[in-house]
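Each remark here refers to the structure printed beneath this line.
Counting starts at 1 for both ligands and their atoms, in listed order.
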Amino acid sequence: MISHIMKFCISLLLALIALMPFTAGAQSPRTLTSAEIFAGIQRLKVLGSVLYVAAHPDDENTRLLACLARERHLRTGYLSLTRGDGGQNLIGDEQGIELGLIRTQELLAARRIDGAEQFFTRAFDFGFSKSTDEALRTWGREKILGDVVWVIRKFQPDVIVTRFPEDSRAGHGHHSASGVLAREAFTAAADPTRFPEHFALGVKPWQAKRILWNTFNFGGNNTTSPDQFRIDVGGYLPLLGRSLGEISAESRSQHKSQGFGVPSSRGASLEYFVHLLGDRASKDLMDDVDTRWSRIAGTQSIESRIDDILRGFSLSNPSASAAGLASLYKDIAALPASLWRDAKLKEIPELIAAAAGLYLEATSNQPIVAQDDSLTVSMQVNNRSGIRARWISSRIDGRDTAIGQALAVNRNLTVMHTLHVPGDRPLSQPYWLAKEMERGSFSVADPSMIGMPENPPAYTTRFLIEVEGVPVEFYRAVMHKFTDPVKAERFQPLHIVPPVVVNAAPGVMVFRSGQTGSRSLQITAAANTRVNSAAAVFAWGAGDRRQSLGDTAFRFGRGEVRTRSLSVTPPAAGSKSMLMPSVEYKHHGNAQTNALALSEIEYDHIPVIRYFYPDRTTALSVQVSTTGRKIGYVRGAGDKVPEAITELGYEVTFIGEEDMQPAVLRQFDAIVTGVRAYNVHPWLDTRHSVLMDYVAQGGNLVVQYNTNSFAGPAKARIGPMPFNISRGRVTDEFSAVNILDATDPLLNFPNRITPADFDGWVQERGIYFAETPSGGYKTVLGMRDPGESSDMTGSLIHATHGKGRFIYTGLVFFRQLPAGVPGAYRLFANLISNPNAKVNDRK
Ligand SMILES: [Zn+2]
């Protein structure tokens, strides 16, 4: 009975799990109404596919994706070359790979709404790039081209659509590079001599019918024209009760970390296309592509069988279609293996389950499970409509258990499995982070994983259920199920973790040159399971820098945390050292050393994210002086600058709207606003005069970058005199910095700044520079990206106002300070050091 059941390839399974059983919030199982089931059956008739290619999360045209996937039922994919690691974060302080993890999940959340699938290459979003060449060079052109080719060969799109042209109209070097790579990959994917290493992994050369550019009219750039062919993507879908403009708005609004909430729209909406390569289309993207079962030989009866199911479909009793769907499943399973057979075999069981009200879940009551620990999984089935069904067997972790029970109407049938998680079972580390990355791209050990949006679930269960006489395989990921008193019942992914994780604080330790005393590093070990080691060693570093501390009572329960302090002596003057924390202990008698920290990222609109990293503390010896003691900090969109100010020896007080009164502000030697504070706090505009009075009375106000979209000159007043915030930026972190006036006080007090202070910067120099400052502002630095003809001078401006000073800076201190860049500490110390205060002599 089981033997003729088809074996699915794991990657196909993953797409299924991503698509079907969970709703947009991702935290509860998805259910389908009769109308949605009907739409799903209509989709079984369509065998055509489109792959959309661009560079970032948010580049994709969700209206077109929704039209292709939800209205036309085409298999639709979005290949984003990067995960959006390099952008700015509107909802928290995550940067870099953490931001990429959030945006990966935001894309998956968007796809659950618009119905498309999601893919990525290994390209790292290293921040804004002005040129195609820089993007391709930094990523590694062949590496990323190979990834695009690989995704095409796996997905086998009939049509490829690019978002961006290959020239500067794309607006970003990553964008134009995505256009170049998509066009090259269209040809290379079909060429058996290109990337032949793919063929060992089960793919073949693939020739798509055509590649087109989806032209656009945004950002002041209109690349559409009346002679381009167009399609209307503004249709209304009665089965879903929504217009495509409503679906796409909900999809796009998942990009919450970028603040992309958009309004719904209704009415006709045209998308325009320019032909690039392949057979020219004249009316429609899919011209001359067979998108029906007739594209597969020997399937003549399949389409009419689906039509029969549609004709007989009962709105009030969809379970009457379960037998027809089960029989269709059996016949499609008997076809020779092919992409389309396998794709439809994934869709049908979910339609059977939905039609029959067959509820299936596999859950654990724990969110994480440690290696070398046990896990209890509850598998539950309920045949709510009372179709003829029998639970044949369950499978988890490769082991089948015979069940052999008829499923009576509306009865919960639960089977518990307890399994052992071996000590060498891989951690739930996002696969692209498991190996050390290169500067512009991730490293992935298993090439078959490339392209996947995320890891497969830690455990997937298979329910083999006989439906109306046909054995059907249903798959469910094991989820952590719990009830939150406020958010109600939730389902979250289950992750495999090490028995003990370790981290250290602070992240950066600043020693002033000449400082002799040691400081303490806090090493914290947290147990993810019960650990019964007689002793443990907390340590940091290696060789003769190693410091360690024995702990004789290292017995603690799941979730318990222990912190030990180790001393750190100052590194040599002007140098930097990395402190790497670790904990050695015994688990079940086996010696273990762990040096990984666990990071959890939780937001309501996406599933919980966990990843592991070796925690590092940067100990820095810097020649730096400061003045003043107390800094008021207005938190912005999220940054780790306050920790750095504390390391400079200041006391930081967070201040909000209610603190905007002279008596409160007067106590601060400087007030610093966090990144994009004026974008996220409209009240800063209404408190402008209080802040200016603070400056006029001898205060020092330092405003870090804001974007011009909300804080334009007409919107928020920021300084004592007007200035504009531009989109000017310098993205090359190695670009020369020219000092415009060596006597400028910002470069001389209390620290003398030289070009050497701009060595070792990371990712970029600065963003959202000031422009056209009115008289009274002084510019300090000039810089430009390679290939530009003149310096931009708005990265750092200041003005005297009354007895005090106002500063605006687009320099990316929020990146440099947490990265432990010494020159950034010295310059930032100058910005926040009130010239009216005495120099601190504290060492
Ligand atoms: Zn983009």
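When the Zn ion (ligand 1) is compared with the N/O/S atoms of D59, atom OD1 turns out nearest.
Of all the heavy atoms in F155 and S49, the pair that sits closest is CE2-CB, 4.0 Å. The minimum heavy-atom distance linking G87 with R103 is given by the pair CA-NH1, 3.7 Å.
Relative ring orientation between F124 and F442 is described as perpendicular, the plane-to-plane angle rising above 60° on a 0-90° scale split at 30° and 60°.
The Zn ion (ligand 1) has no N, O or S atom of D58 closer than 2.8 Å.
By the side-chain hydrogen bond (donor to acceptor under 3.5 Å, both in side chains) test, T132 is found to be paired with S176, residues two or more places apart in sequence or in another chain being considered.
To the nearest 10 degrees, the angle centred on the Zn ion (ligand 1) between NE2 in H175 and ND1 in H56 reads 100°.
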